[in-house]
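Everything below concerns the one structure shown next.
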2 protein chains.
Amino acid sequence: MAYRETEKMRERKARARQNIIERTWECVAEGGFRSARITRIAGLAGVATGTIYRHFESREDLFAEIFRLATQREVDKVAEALNVSGNAVERLDNALRKFAQRALKGPMKAWALIAEPVDPKVEEERLVYRKAYASLFEQAIRDGIAEGCIPDQNARLASTCLVGAISESLVGPLSPTQTDIPPGQDNNEDELVNTIVCFCIRGLTGTRS
Amino acid sequence: MAYRETEKMRERKARARQNIIERTWECVAEGGFRSARITRIAGLAGVATGTIYRHFESREDLFAEIFRLATQREVDKVAEALNVSGNAVERLDNALRKFAQRALKGPMKAWALIAEPVDPKVEEERLVYRKAYASLFEQAIRDGIAEGCIPDQNARLASTCLVGAISESLVGPLSPTQTDIPPGQDNNEDELVNTIVCFCIRGLTGTRS
């Protein structure tokens, strides 16, 4: 008699997988990918380490999945922040600002997603998502050129400049080893975000937004 | 009788090490770190694979060393390009331009150094060197603020925006999987470099250089 996976078993399997994903993300949010050891995740999830490997081929595969899920959330937030009223410069300003603010609010998460040295398999995902951010910015830049609020330029290249400028400038402030910017000082964070967004908008338009 | 390393043996060892380093760099320049397999490097160097591990603890250690040496050359070139006559904006323009031009002239090398997904040990080196570039830019930005050709701003943060914008915008054009920008078209490369440098200088100053 052939083995048949029932609906109930599939559901249980999906719930177990989801549980592993959530516990892994907790570890990453707390101490980056390096602190997310399989034994620790298994302990938090209340399963044997072998169970994790029934759901994910390897630690790298699990991490790549976590990376995809978490980064997609951030990409969606950027898309949402671009989808407000206002001209293209205002919308880009809003999206860049929100991106930086969210990153500074969850610095360890953002560090893990933006800059933590990770396995090449996860790094591949990072390159894919940097393109996803760039595509969103590119469309807004094209809108801005059409509207006349952004001077004519190579929108694609400019979009990658935005992605680079914002992520690289956050790497320092977000780094867990960074000590010269005290955490949780709001004024400091506002100034930080303003400086980064101002650089980006000036880079695009030649003027402050 | 204690074993004593003679001067001659030390020299021979240093030459053998140097040979391994040069052959590894040849592989990386040709196909990135992923194509630099130990068996291939050993073949090119004319040694047994075991010999490589007498000089370097692991493949990652060898790669980290290669990365340091190659990136230091690029950092030195940026320092040199900043050390010309002219005001700070002109010097930064020169340095950014040279960096991008050198990258586009040796696209595989630059891809390996800037963006190729690599082992975390090599990625750690990458973060160190991004700071080295940023420090050079930061000093030039401070000079520019003092000279009055760059508006007052957080020089440190702006320097990381420059590093991010220039490296991220080159990642696309340099990627070995990138197909939409045909290689070796000089006009295209000039336009590319101009666009990137223009974004950076505008980001700093609000005007074209």
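Here is the naming used below: chain letters follow the sequence lines, and residue numbers restart at 1 for every chain. Note that the structure is predicted; figures quoted are calculated from it, not measured.
For A:I166, no part lies under 4.5 angstrom from a heavy atom of chain B.
In this structure, the side chains of A:I196 and B:L157 come closer than 4.5 Å at one or more pairs of heavy atoms. The closest side-chain heavy-atom distance from B:R202 to A:P151 is below 4.5 Å.
Atom OG of A:S167 is separated from atom CD of B:E168 by 5.5 Å, given to the nearest 0.5 angstrom. A distance of 12.0 Å separates CZ in B:F199 from CG in A:N154, rounded to the nearest 0.5 Å.
Interface residues of residues 19-33 of chain A toward chain B, defined by a heavy-atom distance below 4.5 Å: none. Interface with chain B: from residues 118-130 of chain A, residues A:V118, A:D119, A:P120, A:E123, A:E124, A:L127, A:R130 qualify, criterion being any non-hydrogen pair under 4.5 Å.
Contact count versus chain B (heavy atoms, under 4.5 Å) is highest, among A:G164, A:S159, A:G203, for A:G203. By number of non-hydrogen pairs under 4.5 angstrom with chain B, the leading residue of A:L170, A:T160, A:L162, A:V163 is A:T160.
Atom CZ of B:R68 is surrounded by more than 12 heavy atoms from other residues, nucleotides or ligands within 6.0 Å.
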